[in-house]
Amino acid sequence: MSLTIEPSDLPDTTTRRDSARVASHRTILMCRPEHFTVSYKINPWMDPAKPTDTSLALAQWQTLYDTYVGLGFDVELIDPEAGLPDMVYAANGGFVLDGIAYGARFTYPERQAEGPAYMRWFASAGFEVAEPVETNEGEGDFLLVGDVILAGTGFRTDSSSHDEVARVFGREVVSLTLVNPSFYHLDTAIAVLDPEPVDGRHTIAYLESAFDDASLAILRQRFPDAILVSEEDAAILGLNSYSDGYNVVIAARATGFERQLRERGYNPVGVDLSELLLGGGGVKCCTLELRR
Ligand code: ARG
């Protein structure tokens with residue numbers, strides 16, 4: 001009698017390798033880019049002389065929105081306001097944790113009216129609003145990793161706001177200094193891949209050259225098994241991605257990062273936001289996490 005092994009009897013290595021990765025439900029806030037354009041320059045990506053296509057920005061943003069809905073996320077929307085072309089980058093609107101929304105206080109006058117606009121939304125959505133005294137650009141520079149808040153400074157968010165955040169949320173805050181003006185927000189240089197710990201740990205991905213030596217030492221010590229992303233992928237804001245613990249929504253052109261994510265058992269989902277890149281933002285910039 002011969003023994004035949006059906007393919008279905010073999011262990012499915014793909015499933016097995018991925019089984020440690022679990023998608024968790026996410027609730028986020030987004031802002032439709034109805035008024036998106038580049039009319040001023042506050043980062044190296046922006047060039048007001050270059051034309052922008054608002055309808056293309058809207059179509060690309062819609063694909064991101066549909067991708068999130070398809071992943072089962074709850075996506076809430078804030079009304080865009082005329083005269084605030086950068087309002088689409090919702091990540092900068094605040095930092096929300098434990099039902100408290102710490103408001104943003106923008107560095108440049110061009111964006112300052114966004115702070116109160118987002119705070120009004122947080123209040124109407126039932127969040128306790130913590131009004132900021134110090135300059136900070138919300139989740140652009142504050143990233144939650146487990147119980148710890150990684151906090152960026154160097155270009156936008158003032159390090160005095162790191163202390164303010166520590167007081168508001170009663171959490172450990174780790175300050176990191178950015179040194180490359182193209183990676184002016186922490187979320188352009190670090191991607192948090194695990195909203196929940198996996199085997200007690202959190203995987204992050206980052207661009208080494210975006211940080212000063214002291215910050216790099218902290219990152220290496222805290223995250224020895226981090227994914228180190230290439231300059232090429234970072235240069236199209238590949239790190240500016242959003243993960244539910246399994247699915248990682250990334251810039252479609254970041255093919256090296258895509259491969260690294262697959263090797264670690266994640267499921268990268270590529271989205272093209274070329275138009276919003278003209279403003280210096282990508283996937284994560286358009287996404288603000290709401291933690292109630
Ligand atoms: N034009 C915007 C600015 O320079 C882009 C913000 C990108 N947002 C982010 N979370 N990185 O402020």
Side-chain angles (χ1 to χ4, degrees), residues 28-50 52 54 57 60-61 64 78 80-81 83-96 102-115 117-118 135-144 149-158 161 165 176 178-192 205-207 210-211 229 233-243 249-251 254 271 273-290:
I28 58 178
L29 176 64
M30 296 179 75
C31 180
R32 195 170 265 120
E34 254 160 56
H35 307 289
F36 173 75
T37 187
V38 176
S39 54
Y40 50 81
K41 181 179 175 73
I42 57 172
N43 69 52
W45 303 81
M46 302 173 88
D47 179 0
K50 249 197 219 165
T52 52
T54 306
Q60 292 179 338
W61 178 94
L64 179 64
I78 179 172
E81 291 188 15
L84 297 176
D86 276 340
M87 204 172 160
V88 58
Y89 305 113
N92 300 126
F95 178 70
V96 185
Y102 173 63
R105 201 178 150 96
F106 284 83
T107 310
Y108 293 106
E110 290 89 340
R111 296 196 68 182
Q112 267 158 13
E114 292 182 46
Y118 275 91
T135 299
N136 82 89
E137 298 198 351
E139 210 169 53
D141 275 318
F142 294 113
L143 297 174
L144 183 72
I149 298 167
L150 301 183
T153 189
F155 296 100
R156 301 291 181 88
T157 295
D158 197 289
S161 76
V165 156
L176 300 168
L178 298 160
V179 294
N180 181 339
S182 293
F183 305 105
Y184 55 94
H185 279 141
L186 195 60
D187 71 357
T188 64
I190 292 186
V192 180
Y206 65 94
L207 175 69
F211 296 93
V229 169
D233 286 340
I236 47 163
L237 292 189
L239 277 164
N240 195 249
S241 56
Y242 187 66
S243 174
V249 184
I250 64 167
V271 170
L273 292 183
S274 61
E275 203 57 28
L276 293 165
L277 198 58
L278 298 175
V283 170
K284 178 63 189 69
C285 299
C286 298
T287 312
L288 177 66
E289 181 134 8
L290 299 173

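Counting convention: from 1, in listed order, for ligands and their atoms alike. Bear in mind that the values here come from a model prediction, so they are computed numbers and not experimental data.
In terms of modelled atom types and a separation under 3.5 Å, the side chain of Q112 and the main chain of F106 share a donor-acceptor contact.
Sorted by chain and number, the heavy-atom contacts of ligand 1 below 4.0 Å come from I42, N43, M46, D86, Y89, A91, N92, R111, G140, R156, Y184, H185, D187, T188, G279, G280, C285.
Of the inter-residue distances, the one linking I28 atom CD1 with L290 atom CG reads 8.0 Å to the nearest 0.5 angstrom.
Side-chain contact between P85 and V38: absent, with no pair of heavy atoms (C-beta onward) separated by less than 4.5 Å. Within the 4.5 Å cutoff, side-chain heavy atoms of Y118 are placed close to those of M87.
Ring planes of F142 and F95: tilted class, angle from 30 to 60°.
The two atoms that bring A90 and M30 nearest to each other are CB-CA, 4.2 Å, heavy atoms only.
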